[in-house]
Amino acid sequence: MGTDDPTIRLSPHEGWRAFHTPVGPVTLHLRLDGETLTAEAWGDGREWALEHAPALAGADDDPAAFSPIDARIVRLWRRVGGVRLSRSGLVIDVLVQTILSQKVTGLEAKRAWNRLVWRRGRPAPGPLEPLRLPPTSQQIAAMRYEEWHPLGVERRRAETIRRACARIDRLQEAATMDRENAERRLTALPGMGPWTSALIRRIAFGDPDGVEVHDFHIPNLVAWNLAGEPRASDERMLELLEPWRGQRGRVIRLLELAGQAAPRYGPRMRVRRVEQL
């Protein structure tokens with residue numbers, strides 16, 4: 001959620017992340033030295049985090065399954081040295097941030113997340129200050145709407161987050177399901193559609209085929225880089241991505257990292273003040 005996200009700190013060769021595991025809170029430190037990745041952890045979730053650190057770093061991903069033949073994609077693929085998809089394994093890692101990002105600007109979503117963590121989270125275990133743990137799913141589920149409004153979150157998103165966090169165990173079960181059943185489980189709750197499901201599956205489960213339909217920017221990004229078209233519908237985006245079915249999410253991630261942004265026309269979405277909500 002941006003460079004100001006209080007739960008994570010990143011630099012070119014290391015990363016710090018504070019989060020909740022199934023067995024307790026943890027701070028995970030990953031450091032890259034040449035081709036060696038070293039992991040350290042603090043907190044009750046230390047062993048769980050270390051066990052899952054390779055997947056989080058993308059070591060369990062298989063980029064060899066992707067064989068680009070389009071010259072444009074081949075150039076981008078070579079430029080970034082292949083894209084590895086990470087897998088946190090935890091729905092809650094992606095759930096709240098994704099719902100906060102529904103139908104608003106990225107700035108508004110990041111601002112709401114930061115306020116939530118600073119007001120409802122707590123200091124993270126380990127030596128890095130001021131790294132913070134986000135609130136737990138149980139804490140978020142118990143929040144009243146009056147507590148969301150000062151964060152800049154209107155009732156619709158607040159209620160969606162509350163319902164989802166109250167059913168986090170059911171949503172987490174999607175991690176063990178095939179893609180079709182996982183999609184069905186994740187979109188069963190009101191307010192959670194294909195866009196939210198695709199982001200959860202790609203980031204939490206490492207699904208290389210997750211496509212964010214109904215996104216404000218992704219269809220244009222895909223169309224501009226694959227067809228030279230500055231604007232596109234979801235249908236046109238899916239048509240252009242069809243040759244990469246099974247790896248469409250990886251193509252989108254590649255374009256986000258190394259592709260050209262589509263031309264911008266007209267006014268941008270207006271960032272709302274809290275008192276306007």
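Excluded from the calculations below are hydrogen atoms, water molecules and symmetry mates; all remaining heavy atoms, backbone and side chain alike, are included. Along the sequence shown, residues carry numbers from 1.
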Subject >> Side-chain donor/acceptor of S197 to backbone N/O of G193, under 3.5 Å >> reply: no
Subject >> Nearest non-hydrogen partners of G45 and T21, listed with the distance >> reply: CA-OG1, 3.5 Å
Original post:
Hey, what's the ring geometry for H149 with Y145, parallel, tilted or perpendicular (30° and 60° as the breaks)?
Top reply: perpendicular
Original post:
Is the count of non-hydrogen atoms from other residues, nucleotides or ligands lying under 6.0 Å from E146 atom CD greater than 12?
Top reply: yes
Original post:
Any side-chain heavy-atom pair from P219 and W224 closer than 4.5 angstrom?
Top reply: no
**OP:** Mind running side chain to side chain donor-acceptor pair (under 3.5 Å) on T160 and R156 for me, showing each step along the way?
**Re:** CA-CA 6 Å; T160 300; R156 180 188 60 82; 5.1 Å; no
**OP:** Kindly check if the number of other-residue, nucleotide or ligand heavy atoms within 6.0 Å of CD (E180) is above 12?
**Re:** no
**OP:** Identify the two heavy atoms, one from L254 and one from L76, that lie closest to each other, and give their separation to 0.1 Å.
**Re:** CD1-O, 3.7 Å
Original post:
Does the side chain to side chain contact (heavy atoms under 4.5 Å, CB included) test come out yes or no for S88 and I203, once each step is laid out?
Top reply: CA-CA 7 Å; S88 75; I203 300 172; 5.5 Å; no
Subject >> R87/D60 ion pair, N-O < 4.0 Å >> reply: yes
Original post:
Is there a side chain to side chain contact (heavy atoms under 4.5 Å, CB included) between L199 and Q97 once you walk through the steps?
Top reply: CA-CA 10 Å; L199 282 171; Q97 297 97 316; over 6 Å; no
Subject >> Side-chain touch L257/V83, heavy atoms, less than 4.5 angstrom >> reply: yes
Original post:
I8: which other cluster members, linking ILVMFWY side chains closer than 4.5 Å, directly or transitively?
Top reply: L10
Subject >> V153 to A112 - nearest heavy-atom pair and separation >> reply: CG2-CB, 3.8 Å
Original post:
Is I252 reachable from F216 through a run of hydrophobic residues whose side-chain heavy atoms are each under 4.5 Å from the next?
Top reply: no
**OP:** For residues E154 and K103, determine if any side-chain heavy atom of one lies less than 4.5 Å from a side-chain heavy atom of the other.
**Re:** no
Subject >> Whether R245 side chain and L241 backbone form a donor-acceptor pair below 3.5 Å >> reply: no
Original post:
Distance-only, no hydrogens or angles: does the D209 side chain make a donor-acceptor pair with backbone N or O of G246 under 3.5 Å?
Top reply: yes
Original post:
Does L133 belong to the same Ile/Leu/Val/Met/Phe/Trp/Tyr cluster as M143, with side-chain heavy atoms less than 4.5 Å apart forming each link?
Top reply: no
Subject >> Side chain to side chain, V211 and M237, heavy atoms closer than 4.5 Å >> reply: yes
Subject >> N220 side chain vs A262 backbone, donor-acceptor pair below 3.5 Å >> reply: no
Subject >> Worked check of side chain to side chain contact (heavy atoms under 4.5 Å, CB included) between T38 and D33 >> reply: CA-CA 8 Å; T38 302; D33 185 9; 5.9 Å; no
Original post:
Counting distance only, does the side-chain N/O of Q172 pair as donor-acceptor with the main-chain N or O of V91 below 3.5 Å?
Top reply: yes
**OP:** Please report the closest heavy-atom contact between L221 and A261, naming both atoms and the distance.
**Re:** CD1-CA, 4.4 Å
Original post:
Between D5 and K110, does at least one N-O distance fall below 4.0 Å, as a salt bridge requires?
Top reply: no
**OP:** Check the pair E183 / R179 against salt bridge (Lys or Arg N to Asp or Glu O under 4.0 Å), numbers first and verdict last.
**Re:** CA-CA 6 Å; E183 172 83 1; R179 185 176 295 138; over 6 Å; no
Original post:
Transitively linked via ILVMFWY side-chain contacts under 4.5 Å: V96 with W118?
Top reply: no
Subject >> Geometric cation-pi criterion, R17 with F19: 6.0 Å, 45° >> reply: yes
**OP:** Please check if the distance between the ring centroids of W16 and W42 is under 6.0 Å.
**Re:** yes
Original post:
Salt-bridged, E40 to R31, with N to O below 4.0 Å?
Top reply: yes
**OP:** Following the transitive rule for hydrophobic clusters with a side-chain heavy-atom cut-off under 4.5 Å over Ile, Leu, Val, Met, Phe, Trp and Tyr, establish whether V74 and F66 coincide in one cluster.
**Re:** no
**OP:** With rounding to the nearest 0.5 Å, note down the distance linking CE in M177 to CZ in F205.
**Re:** 9.0 Å
Original post:
If you take all heavy atoms of A141 and A166, which pair is closest and at what distance?
Top reply: CB-N, 3.8 Å
**OP:** Working to the nearest 0.5 Å, report the span between CZ of R72 and CG of L255.
**Re:** 10.0 Å
**OP:** Verify, without hydrogens or angle tests, whether T27 (side chain) and P125 (backbone) share a donor-acceptor contact under 3.5 angstrom.
**Re:** yes
Original post:
So how far is it from I161 CD1 to L100 CG, rounded to the nearest 0.5 Å?
Top reply: 4.0 Å
Subject >> For the student: nearest non-hydrogen atoms of P68 and W244, plus distance >> reply: CA-NE1, 4.3 Å
Subject >> I73 side chain near L226 side chain, heavy-atom distance below 4.5 Å >> reply: yes
Subject >> Distance (rounded to the nearest 0.5 Å) between H20 NE2 and D44 CG >> reply: 11.0 Å
**OP:** Decide yes or no for L30 and E14: does some side-chain heavy atom of the first lie under 4.5 Å from some side-chain heavy atom of the second?
**Re:** no
**OP:** Please say whether more than 12 non-hydrogen atoms of neighbouring residues, nucleotides or ligands are located less than 6.0 Å from CZ in R119.
**Re:** yes
**OP:** Output yes when a side-chain donor or acceptor of R231 lies under 3.5 Å from a complementary backbone atom of P263, and no otherwise.
**Re:** yes
Original post:
With hydrophobic residues grouped by side-chain heavy-atom distances under 4.5 Å, do L28 and V94 end up in a single group?
Top reply: yes
Original post:
Going by heavy atoms in the side chains, are V26 and W48 under 4.5 Å from each other?
Top reply: no
Subject >> side chain to side chain contact (heavy atoms under 4.5 Å, CB included) evaluation trace for V213 with I218 >> reply: CA-CA 8 Å; V213 294; I218 297 299; over 6 Å; no
Original post:
Are R250 and D61 within salt-bridge range, i.e. N to O under 4.0 Å?
Top reply: yes
**OP:** Nearest 0.5 Å please: distance from the CG atom of D234 over to the CH2 atom of W195.
**Re:** 12.5 Å
Original post:
So how far is it from L128 CG to R9 CZ, rounded to the nearest 0.5 Å?
Top reply: 7.0 Å
Original post:
Considering the options P135, P6, P134, which one meets the side chain to side chain contact (heavy atoms under 4.5 Å, CB included) requirement together with L116?
Top reply: P135
**OP:** Please report the C-alpha distance between R111 and N114 in whole Å, then the side-chain angles of each, then the deciding distance to 0.1 Å, and finally whether the side chain to side chain donor-acceptor pair (under 3.5 Å) criterion is met.
**Re:** CA-CA 5 Å; R111 184 173 60 192; N114 288 351; over 6 Å; no
Subject >> pair E129-P123: side-chain heavy atoms closer than 4.5 Å >> reply: no
